[in-house]
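Whatever order the structure lists ligands and atoms in, that order sets their numbers, starting from 1. Heads up: numbering here begins at 1 and tracks the sequence.
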Amino acid sequence: MSNSPTSVGSFLFDYLHGKGVTHVFGIPGDFALPTFRWLEQSKLKIITMTHEPSVGFAADGYARVHGLGVALVTYCVGGLNMLNSVACAYAEKSPMLVLSGGPSPSDRRADALLHHKVRTFDTQRRIYEEVTCASAVLTDAETAASEIMRVVDEVILQCRPGYIEIPYDVVDMPIKAPSTPNRPIPTSDPENLAAMMEDATALINSAKQPVIIADIELHRHGLTDLALALAAKFQIPIASTLLSKSIISETHPLFIGVYSGSLSEAAVQKYVEESDCILMLGAFITDVFLGMNTAHLRRKNTILVTTEKARIAHRTYEQIIFREFLEHLGRAAITPRHPGNLPQPAPPPLPLTAAEKTAPLSIANFFRLLGLNVGEQNTIVCDTGDALLGAMQLRTRAPSNFLSDAYYLSMGFAVPAAIGVMAAQPDNKIFVIVGDGAFQMTGTELSTAAKYNMSPIVFILNNDGYGTQRHILDGPFNEIHPWHYTKITELLGYGIARRVTTNGELEAAINEALRANTLALIEVVVPRSDSSAALKRMGEELGKLRDKNKRG
Ligand SMILES: Cc1ncc(C[n+]2csc(CCOP(=O)(O)OP(=O)(O)O)c2C)c(N)n1
Ligand SMILES: [Mg+2]
């Protein structure tokens with residue numbers, strides 16, 4: 001791609017194609033239509049959706065399993081509508097690119113009162129600055145190609161969203177495609193890295209029970225295999241977090257379970273919190289990581305390394321490149337461990353007994369039956385609420401086949417994110433787990449599954465309202481209108497739907513859904529008072545915290 005005549009639009013989509021992008025998610029509008037035309041003529045496929053928040057979640061879901069997701073929307077009404085989804089991608093480090101149509105340079109000069117304009121022509125870009133790592137408005141065709149490359153490369157490097165606004169006329173302008181610059185690869189400060197390796201080796205070698213918490217940055221930056229190799233070499237057990245669940249195969253012999261403070265299984269919490277050397281690799285130390293601040297971790301026992309931070313106990317090390325740290329640690333003089341009896345996170349689920357088949361459903365049995373049916377070709381996309389907390393105990397079968405917005409925790413993530421996952425993994429059967437409340441936010445995006453003949457299995461956990469909120473503070477505000485969820489397939493004219501209230505009915509519905517070559521929606525009715533063990537623990541811990549605060 002060098003110095004050949006092209007146009008801004010053609011260059012943009014060729015460049016994205018070269019970065020491995022196969023699909024773009026979007027909704028058109030007049031400012032974006034010319035860009036849509038270039039997209040349609042490119043090698044990329046278009047998936048048009050029903051609502052911009054869903055476009056953002058779809059691009060994010062695609063990015064989480066494929067790398068670099070792209071959303072194309074129109075100016076302000078589209079871009080600003082999508083903001084929450086982009087904020088989610090920013091908070092959870094997902095590499096997505098926002099392309100927005102925009103006014104032309106001559107509109108800007110005339111200061112016209114153009115439709116969709118909010119306050120100034122730059123309002124949308126300025127708002128996006130808070131949720132992106134790089135942005136550009138392509139008002140000048142001469143610099144458009146280098147600006148596109150700068151933003152896209154930064155998104156890939158930082159794994160955070162980027163923003164490119166494309167004026168509706170500039171996109172058609174002819175340009176010469178520049179040659180792709182070679183970016184220097186950043187390196188660590190050698191002395192700091194040597195000092196850190198010495199301190200890390202000493203702490204690990206002196207520890208009785210080292211443990212690795214493998215968090216999401218490993219996955220985002222393609223470093224999971226390096227972490228896994230050093231864990232295997234030195235026989236150090238590994239936990240994941242809610243956000244990184246399944247990046248390490250949950251059937252790996254060194255895997256001990258999902259850690260999230262007191263929300264974890266007791267044995268996992270005990271193992272991690274009794275450890276005298278916790279290697280937090282790529283960790284976001286958020287309140288969710290800390291089990292809603294119920295964790296008991298002592299900083300003197302921790303090694304924290306991310307793309308942004310390197311710290312051992314109370315000492316920080318400047319300019320340490322995460323990849324180099326992992327490579328060096330893998331070669332360090334560390335004595336391999338004999339970890340002995342490790343916590344067994346989730347025992348293999350037992351099939352239903354005859355008596356259990358007619359019993360009413362519970363959240364625990366929903367996850368048990370799911371566990372019996374999840375295979376290597378299934379990717380699970382989870383929404384916020386008990387869908388997520390209950391899934392903590394679910395043992396997945398293949399690496400990186402579980403995703404959720406487990407830190408930003410925006411409801412409405414799962415159904416549209418699954419659209420992105422299905423575009424990226426057409427051969428996998430996708431399971432969506434979503435609460436009734438969250439489904440009411442973006443569930444109608446199943447329209448897009450119908451439009452593109454996708455066949456997910458969507459489990460709506462119907463506990464008659466905002467169950468999670470009820471554990472924190474109950475009131476009439478946690479009630480929702482009870483929908484006839486199974487009517488949605490009728491509305492769409494696509495798919496099959498079942499409402500199940502017993503274990504046996506759920507088992508039959510799952511079997512039917514696995515065979516169906518279409519969308520299968522299963523409304524799983526559970527008692528209002530029921531919840532997963534993790535949600536019960538969260539309610540108890542929050543209650544204790546409230547009592548403590550009341551006592552002052
Ligand atoms: C977009 C958004 N709005 C509000 C919330 C606050 N919130 C967190 S959980 C929850 C209730 C979720 O209800 P549902 O999807 O039915 O799941 P359940 O808690 O019942 O398992 C709410 C309102 C949120 N996380 N995201
Ligand atoms: Mg609910």
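- For the pair Lys429 and Phe431, the cation does not sit on the ring face, since its NZ or CZ is not both under 6.0 Å from the ring centre and inside 45° of the axis.
- For the 3.5 Å distance criterion, the side chains of Glu273 and Tyr259 qualify, holding a donor opposite an acceptor.
- Aromatic rings from His116 and Phe31 are positioned such that their centres are separated by under 6.0 Å.
- Side chain to side chain, Thr294 and Glu541 fail the donor-acceptor criterion of an N or O pair below 3.5 Å.
- Every N/O-N/O distance between Ser410 and ligand 1 stays at or above 3.5 Å.
- Ranking protein heavy atoms by distance to atom 14 (P) of ligand 1, first place goes to Gly437 N, 3.6 Å.
- Between the side chains of Asp386 and Ser532, at least one donor N or O sits under 3.5 Å from an acceptor N or O.
- Of all atoms in ligand 1, numbered sequentially from 1 with element shown, those under 4.0 Å from a heavy atom of Asn463 are 18 (P), 20 (O), 21 (O).
- Closest to atom 19 (O) of ligand 1 among all protein heavy atoms lies Thr468 OG1, 2.4 Å.
- Checked for salt-bridge contact, Arg498 and Glu505 miss the test: no charged N lies under 4.0 Å from a carboxylate O.
- Closest to atom 21 (O) of ligand 1 among all protein heavy atoms lies Asp386 N, 2.9 Å.
- For the ligand labelled ligand 1, residue Met441 lies inside the 4.0 Å heavy-atom shell.
- Between the side chains of Tyr163 and Gln124, at least one donor-acceptor pair of N or O atoms lies under 3.5 Å.
- Every atom of ligand 1 is numbered from 1 in the order shown, and the set under 4.0 Å from a heavy atom of Gly467 is 18 (P), 19 (O), 20 (O).
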request  = Might you work through the side-chain contact (heavy atoms from CB on, under 4.5 Å) test for Ile216 and Glu92, ending with a clear yes or no?
outcome  = CA-CA 8 Å; Ile216 195 65; Glu92 300 193 352; over 6 Å; no

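- You'll find the side chain of Met454 reaches within 4.5 Å of the side chain of Ile419, heavy atoms only.
- Among the backbone and side-chain atoms of Leu461, none of the N, O or S atoms lies under 2.8 Å from the Mg ion (ligand 2).
- Taking atom 16 (O) of ligand 1 as the reference point, the nearest protein heavy-atom neighbour is Asp436 OD1, 2.6 Å.
- Rounded to 10 degrees, the OD1-metal-OD1 angle spanning Asn463 and Asp436 at the Mg ion (ligand 2) equals 100°.
- What sits closest to atom 17 (O) of ligand 1 on the protein, heavy atoms only, is Gly435 CA, 3.9 Å.
- Among protein heavy atoms, atom 23 (C) of ligand 1 sits closest to Met411 SD, 3.3 Å.
- Counting only N and O atoms by type, the side chains of Asp215 and Thr241 include a donor and acceptor under 3.5 Å apart.
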inquiry  = Would Thr489 and Ile496 count as a side-chain contact (heavy atoms from CB on, under 4.5 Å) here? Give the steps.
reply    = CA-CA 6 Å; Thr489 47; Ile496 54 171; 5.8 Å; no

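- In terms of protein heavy atoms, atom 6 (C) of ligand 1 is closest to Gln469 NE2, 3.9 Å.
- Atom 15 (O) of ligand 1 has as its closest protein heavy atom Ala438 N, 2.8 Å.
- For the ligand labelled ligand 1, residue Gly412 lies outside the 4.0 Å heavy-atom shell.
- In terms of polar-atom proximity, Thr384 is not counted as a contact of ligand 1, lacking any N or O under 3.5 Å from an N or O of the ligand.
- In this structure, Ser531 falls outside the shell of residues with a heavy atom less than 4.0 angstrom from ligand 1.
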